[in-house]
Number of protein chains: 2
Amino acid sequence: MSRPTTRTAGEVVPDPAPADRFRHSELGGDIPFLLARARASTSGAANVALEAVGLKVRAFSVLWLACEGLQPSQRELSEFLNLDPSQIVALVDELEGRGAVTRQADPRDRRQRIITPTAAGRRLFRKAHALAEAADDRSLSMLTADERRTLGELLVRVALPAPDGPPGRLSGPGG
Amino acid sequence: MSRPTTRTAGEVVPDPAPADRFRHSELGGDIPFLLARARASTSGAANVALEAVGLKVRAFSVLWLACEGLQPSQRELSEFLNLDPSQIVALVDELEGRGAVTRQADPRDRRQRIITPTAAGRRLFRKAHALAEAADDRSLSMLTADERRTLGELLVRVALPAPDGPPGRLSGPGG
DNA sequence: TATTGTTATACTCTATAACTATA
DNA sequence: TATAGTTATAGAGTATAACAATA
């Protein structure tokens, strides 16, 4: 076979060059479809890169937010990372088990657990971040720096709509 | 709670307005992260819209490609939709069971099964396509038509790289 | 010998519900 | 009464391996 599909731990890294007749199909211009493929290839590549430090993108994202000094609670992580609260529990358990983060009761509301990185967690994050960044550069190598910035700006508007913008009809009574 | 999270059949439609301190985090500018969130919200909204015709985005995509007259084989569907061949079997079984498509052995290579829509399948697709398009319009309502076009063009480059572009280092020896 | 589709199976990811402790 | 986190469990999604038919 001329174009092998590389299989990884948990995810398929898609064949990079589908047949032309499909590339130019109408579906091939559909934004949700393109988002799904782009997500699969970028997250897949990042997962492969992060294997070197025993992380996957989900745990890495939790560690990332903890390392930004935002003192996130698990509930906040759940909302921002779009993961169920019970998944956050498992992810934090994993990171805590590795000595990368600790849970600390928020003094102002002791129900909330603030996730704080340890020194080892910060070192792990720096290493993981470098690996992920290199993987991103490869995944997005077909874009110029300007195009990549534009893509980021447009995606932010779609993925993280402003709190007070137009009513943002993503969820609601029709939901 | 002031901002309820709407839960749907199979997927969470994310809270549209995360706290500002997270929106402006470094993670909040990471393209794979944004792709993951954008995919979740657009596919989630499309899934909700397609419930009205008893489809989900994956089966809908198979039907879409079949209805474009491309005579896709299951192998081709698998590659383009980035789904395992065994998943395509299940999806085609479902559509065939509903009378929306048929499998026909390719006369030139009888191992391959070409997926062809029935008349009912075409009617189903038209209805589903209208529903999905309306959902997309809502999901992307924060972009102008120009911005949406730009987003599509950039995503195509990332998600469907040209067969003969730069070596496209998505898979390879470093995999 | 290799490939397409198929089946069976296992694994990962995600969602649901019930519980606790705090508020 | 309501919310954060936890646990157990179930369900959807995805991957792996073995097989039949065809090349």
Side-chain angles (χ1 to χ4, degrees), chain A residues 1-15 36-37 39-40 43-44 47-48 51 55-59 61-62 71-79 81-94 96 101-115, chain B residues 1-15 36-37 39-40 43-44 47-48 51 55-59 61-62 71-79 81-94 96 101-115:
Chain A
M1 179 189 285
S2 60
R3 278 196 180 279
T5 292
T6 304
R7 285 172 198 289
T8 70
E11 194 147 355
V12 169
V13 177
D15 185 315
R37 265 196 76 113
R39 185 212 67 99
S43 297
N47 271 329
V48 172
E51 276 177 11
L55 287 174
K56 292 185 190 166
V57 285
R58 279 158 62 233
S61 300
V62 169
Q71 304 199 304
S73 71
Q74 296 188 191
R75 156 68 48 184
E76 289 172 318
L77 290 169
S78 167
E79 286 176 6
L81 299 178
N82 204 19
L83 297 171
D84 197 84
S86 60
Q87 297 174 53
I88 301 293
V89 171
L91 259 15
V92 173
D93 281 353
E94 179 193 327
E96 197 178 36
V101 303
T102 61
R103 284 181 238 239
Q104 301 181 354
D106 183 340
R108 283 174 300 196
D109 181 345
R110 299 236 303 289
R111 290 173 303 183
Q112 300 194 141
R113 305 308 186 85
I114 288 172
I115 308 307
Chain B
M1 179 193 274
S2 60
R3 277 194 179 281
T5 292
T6 303
R7 285 173 197 288
T8 70
E11 193 148 357
V12 169
V13 176
D15 185 314
R37 265 196 75 114
R39 184 212 67 97
S43 297
N47 270 329
V48 171
E51 276 176 10
L55 287 174
K56 292 185 189 167
V57 286
R58 281 161 58 232
S61 299
V62 168
Q71 304 199 307
S73 71
Q74 295 188 190
R75 156 70 46 186
E76 289 172 318
L77 290 169
S78 167
E79 286 176 6
L81 299 178
N82 203 20
L83 296 171
D84 197 85
S86 59
Q87 296 173 53
I88 301 293
V89 171
L91 259 14
V92 173
D93 280 353
E94 179 194 326
E96 196 178 35
V101 303
T102 61
R103 282 182 239 239
Q104 300 181 353
D106 183 340
R108 283 173 301 195
D109 181 347
R110 299 235 303 289
R111 290 172 303 184
Q112 300 194 139
R113 305 307 187 85
I114 288 172
I115 308 307

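Just so it is clear, the structure is predicted and the values come from calculations on it, not from any experiment. Here is how names work: the chains are called A, B, and so on, in the same order as the sequence lines, proteins then strands, and each is numbered from 1.
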Short side-chain N/O contact to [N] OP1/OP2 from [X], under 4.0 Å:
X: B:Arg75; N: C:dT3; answer: no
X: B:Gln87; N: D:dT14; answer: yes
X: A:Lys56; N: C:dC13; answer: yes
X: B:Arg58; N: D:dA12; answer: no

Using a cut-off of under 3.5 Å, enumerate the N/O to N/O pairs linking the protein to nucleotides 20-23 of chain C.
from	atom 1	to	atom 2	distance (Å)
C:dA23	OP1	A:Arg110	N	2.8

Is any side-chain heavy atom of B:Leu81 closer than 4.5 Å to a side-chain heavy atom of B:Leu91? no
With heavy-atom distances below 4.5 Å as the criterion, would you say the side chains of B:Gln74 and B:Arg103 are in contact? yes
Gap between atoms [atom1] and [atom2], on [X] and [N] respectively (whole Å):
X: A:Gln112; N: D:dT6; atom1: CD; atom2: C1'; value: 15 Å
X: B:Asp84; N: C:dG5; atom1: CG; atom2: P; value: 12 Å
X: A:Leu83; N: C:dA15; atom1: CG; atom2: C1'; value: 12 Å
X: A:Glu51; N: C:dT12; atom1: CD; atom2: C1'; value: 14 Å
X: B:Gln74; N: D:dA21; atom1: CD; atom2: P; value: 17 Å
X: A:Asp93; N: D:dG5; atom1: CG; atom2: C1'; value: 11 Å
X: B:Ile114; N: C:dT4; atom1: CD1; atom2: C1'; value: 12 Å
X: A:Ile115; N: D:dT6; atom1: CD1; atom2: C1'; value: 13 Å

Base of C:dT16 paired with side chain of A:Ser86 (donor-acceptor, under 3.5 Å): yes
Does the B:Ser73 side chain pair with the main chain of B:Ile114, one donor and one acceptor, at a distance under 3.5 Å? no
Smallest separation among heavy atoms of B:Leu77 and B:Ile115, with atom names: CD1-CG1, 3.8 Å
Shortest non-hydrogen separation from B:Ala105 to B:Arg113 and the atoms involved: CA-CD, 4.2 Å
When all nucleic acid strands are considered with a 4.0 Å heavy-atom cut-off, which category describes A:Ser73: base, sugar-phosphate, or nothing? sugar-phosphate
For B:Gln71, I'd like to know if atom CD has over 12 heavy atoms of other residues, nucleotides or ligands within 6.0 Å. no
Interatomic distance, CZ@B:Arg58 vs CG@B:Asn82, rounded to 0.5 Å, equals 11.0 Å
